[in-house]
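Reviewing the structure listed below.
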Protein chains: 2
Amino acid sequence: MSSGTPRTGGPVPKYERLRRALAAAIGALGDDAALPTERELAVQHGVSRATVRQALEALEAAGLVYRVQGAGTYVAPRTVAKTLSLTSFSEDMRAKGLTPGSRVVVVGEAAADHDEAADLAVGTGTPLLRLVRVRLADSAPMCVETSRLVAARVPGLAAMDLTGSLYALLAEHFEIRPRRADQAVRSVVTGEEQSALLGIASRSPALRVDRVSYDERGAPVESTTSLYRADRYEIRFAVHREAP
Amino acid sequence: MSSGTPRTGGPVPKYERLRRALAAAIGALGDDAALPTERELAVQHGVSRATVRQALEALEAAGLVYRVQGAGTYVAPRTVAKTLSLTSFSEDMRAKGLTPGSRVVVVGEAAADHDEAADLAVGTGTPLLRLVRVRLADSAPMCVETSRLVAARVPGLAAMDLTGSLYALLAEHFEIRPRRADQAVRSVVTGEEQSALLGIASRSPALRVDRVSYDERGAPVESTTSLYRADRYEIRFAVHREAP
DNA sequence: AACCCCAATTGGTACGTACTTAAATGGATA
DNA sequence: TATCCATTTAAGTACGTACCAATTGGGGTT
């Protein structure tokens with residue numbers, strides 16, 4: 001298996017298929033509509049109750065349903081926001097129904113400074129590939145994004161077409177798949193250069209998102225700093241509170 | 001479950017106690033250290049493997065461990081950020097090691113405007129309790145927070161001590177416990193009045209967080225708009241990518 | 001030494017059972 | 001009519017078994 005391509009195909013588990021079926025069925029129901037009981041669903045779909053519960057837990061975590069002990073499982077009232085997940089700019093824009101694009105501003109190698117080295121878990125001075133792009137949504141500037149990767153891990157990346165999804169390139173050519181990321185969101189005002197790239201007045205408000213993404217082993221793969229136009233972008237997400 | 005088992009264990013489920021025990025044990029381990037196998041943990045703690053898995057799933061969701069099929073379960077490398085969860089300002093500050101406080105600016109009833117009514121799922125003009133507070137961290141202004149609740153649901157709240165945690169008051173006196181919220185984060189610049197309240201220059205950058213929180217039934221309970229000083233606050237959180 | 005294959009290990013999926021706890025129901029009672 | 005309580009129903013917890021899928025490591029081959 002090591003030499004071949006780790007095709008992620010394979011059989012889709014029952015609970016996952018049930019989850020999708022229920023998610024689709026929920027779309028046709030109204031807010032607070034009761035779903036069949038767990039035991040009924042088990043019989044209807046020919047699976048065990050444990051499998052039904054696995055599917056329902058996923059739906060509950062996604063905010064699609066809520067469950068009340070002794071009562072039943074119900075369709076959660078629709079809201080705009082979805083649970084926050086790790087997405088690239090391209091995926092993010094497509095999810096909003098916009099066409100993503102890029103204009104490459106800078107691409108080249110540079111030695112890691114102290115902070116970059118710490119983020120990527122390498123020594124200071126390690127060669128990094130630094131990529132600065134103006135990200136476009138429907139051809140209009142949305143943000144300036146600076147990406148940094150350990151150069152040795154992505155040989156030849158600088159010569160590829162960097163106007164599309166970086167995550168797609170990483171997966172296709174280097175088997176690098178970010179699975180987790182830590183993000184910090186701040187409010188800042190833009191400087192001269194950034195304002196010009198974004199096509200806005202200098203000292204405009206902007207949302208700055210610093211992200212370090214990690215692969216399935218927890219090894220850092222990319223550090224990104226994004227500067228979003230405040231007038232065109234906001235972050236929406238759902239949060240939950242634990243049981244007590 | 002043998003009959004001799006002391007039933008004084010309390011209402012805390014086994015998987016939850018195991019989760020806490022493991023979370024504590026993990027603190028003493030290094031990054032990427034291997035945990036015992038699921039079957040070993042089951043024997044060690046006298047529970048079934050299913051219960052062990054339930055505890056590990058919670059730890060994985062919280063970003064404390066990662067699991068590799070065929071290999072084992074490992075301590076996730078520490079990072080600053082935790083998974084985002086629904087917290088009040090008071091809880092948020094205490095988690096950062098700061099002492100929260102408040103100065104009430106405005107408290108009173110007002111009719112819901114169109115947006116507020118939509119957020120709280122009531123009719124326009126419904127009486128709302130509107131509460132504006134300057135939230136303090138170690139006695140210094142951190143944000144201006146405007147909370148809105150349906151007045152009929154919280155009779156007498158306006159007369160209570162509103163300098164502490166609103167969530168605590170809601171739980172204690174009205175059995176209202178927010179479980180979920182939708183948030184929108186934007187970058188803005190402060191106006192005259194807000195700047196004065198925060199003790200910063202006018203037209204300073206700020207993080208604006210709009211939140212609508214819901215109870216366990218999905219009914220909206222509170223709408224909040226918070227304006228955080230950009231120089232003193234940032235939002236940190238971890239995001240995950242689903243297995244493609 | 002390098003490579004490949006197989007077996008053991010380990011987490012992932014799926015089933016079954018049994019019981020507990022909380023909510024809803026409906027009938028008896030005040 | 002209104003209230004209380006026992007019953008029923010539902011999700012929550014916990015155990016056990018079995019097998020699948022991916023990784024790892026050892027042993028044999030090249």
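First the proteins, then the strands, lettered A, B, ... as listed; each starts at 1. Bear in mind the structure is a predicted one, so any value in this text is a computation, not a measurement.
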Check: Who pairs with Ser213(A) by side-chain hydrogen bond (donor to acceptor under 3.5 Å, both in side chains), at least two apart in sequence or on another chain?
Finding: Glu222(A)

Note to self: Taking side chain to side chain contact (heavy atoms under 4.5 Å, CB included) as the criterion, tell me which of Val52(B), Leu22(B), Leu41(B) meets it with Pro36(B).
What the structure shows: Leu41(B)

Note to self: Any heavy-atom pair between the side chains of Tyr167(B) and Pro178(B) that's under 4.5 Å?
What the structure shows: yes

Next item on the list: For Asp113(B), check side-chain contact (heavy atoms from CB on, under 4.5 Å) against everything at least two apart and list the hits.
Entry: Asp115(B), Glu116(B)

Item checked: Residues in side-chain hydrogen bond (donor to acceptor under 3.5 Å, both in side chains) contact with Thr225(A), at least two apart in sequence or another chain -> Arg148(A), Asp210(A)

Note to self: Output the rounded distance in Å from CD (Glu60(B)) to C1' (dG11(C)).
What the structure shows: 10 Å

Margin query: With a 4.5 Å cut-off on side-chain heavy atoms, are Tyr233(B) and Ile235(B) touching?
Written below: yes

Margin query: Under the rule for ring-ring contact (aromatic ring centres under 6.0 Å, His included), what residues qualify as partners of Tyr74(B), not counting sequence neighbours?
Written below: Tyr66(B)

Item checked: Nucleotide dA11(D), atom C1' - distance to CZ of Arg53(A) in whole Å -> 6 Å

Margin query: Does any part of the side chain of Glu109(B), heavy atoms only, come nearer than 4.5 Å to the side chain of Arg130(B), both counted from C-beta?
Written below: no

Notebook entry, point to check: Does any non-hydrogen side-chain atom of Leu162(A) lie less than 4.5 Å from one of Leu131(A)?
Noted result: yes

Margin query: I'd like to check the salt bridge (charged side-chain N to carboxylate O under 4.0 Å, His left out) partners of Asp119(B); sequence neighbours left out, ordered by chain and number.
Written below: none

Notebook entry, point to check: To the nearest angstrom, how far is Glu16(A) atom CD from dC20(D) atom C1'?
Noted result: 17 Å

Item checked: Nucleotide nearest Lys14(A) when distance is taken to its side chain, options dG12(D), dA14(C), dG11(C) -> dA14(C)

Next item on the list: Mind running a 4.0 Å heavy-atom check of residues 34-49 of chain A against DNA chain C and sending the residues that fall below it, in number order?
Entry: Arg39(A), Gly46(A), Val47(A), Ser48(A), Arg49(A)

Margin query: How many whole angstroms separate atom CG of Leu18(B) from atom C1' of dC15(D)?
Written below: 15 Å

Note to self: So if I take the C1' atoms of five pairs at each end of the helix from dA1(C)-dT30(D) to dA30(C)-dT1(D) and get each local axis, what angle do the two axes make, rounded to 10 degrees?
What the structure shows: 10°

Next item on the list: Find out whether Lys14(B) and Thr51(B) are in side-chain contact, i.e. whether some heavy atom of one side chain is under 4.5 Å from a heavy atom of the other.
Entry: yes

Notebook entry, point to check: Should Thr73(B) be listed as having a side-chain N or O under 4.0 Å from OP1 or OP2 of dG11(C)?
Noted result: yes

Note to self: Can you list everything that forms a side-chain hydrogen bond (donor to acceptor under 3.5 Å, both in side chains) with Arg20(A)? Sequence neighbours excluded, please.
What the structure shows: Glu16(A)

Notebook entry, point to check: When every nucleotide of nucleotides 3-8 of chain D is labelled 5' to 3' by its protein contacts under 4.0 Å (heavy atoms), B for base, S for sugar-phosphate only, - for none, what sequence of letters results?
Noted result: ------

Notebook entry, point to check: Whole Å only: how far is the CZ atom of Arg67(B) from the P atom of dT23(D)?
Noted result: 15 Å

Item checked: Nucleotide dT23(D), atom P - distance to OH of Tyr66(B) in whole Å -> 13 Å

Next item on the list: Compare side-chain N and O positions of Tyr15(A) against OP1 and OP2 of dA14(C) and report whether any pair is under 4.0 Å apart.
Entry: no

What nitrogen or oxygen pairs link the protein and nucleotides 22-25 of chain C at under 3.5 Å?
unit_1: dA23(C); atom_1: O4'; unit_2: Gln69(A); atom_2: O; d: 3.3

Note to self: Distance check needed: dC15(C) C1' versus Gln54(A) CD, whole Å only.
What the structure shows: 12 Å

Margin query: Tell me which pairs pass salt bridge (Lys or Arg N to Asp or Glu O under 4.0 Å) where either residue lies in residues 63-77 of chain A, with sequence neighbours left out.
Written below: Glu38(A)-Arg67(A), Glu60(A)-Arg67(A)

Item checked: Residues that Ser102(A) engages under side-chain hydrogen bond (donor to acceptor under 3.5 Å, both in side chains), provided they are two or more places apart -> Arg135(A)

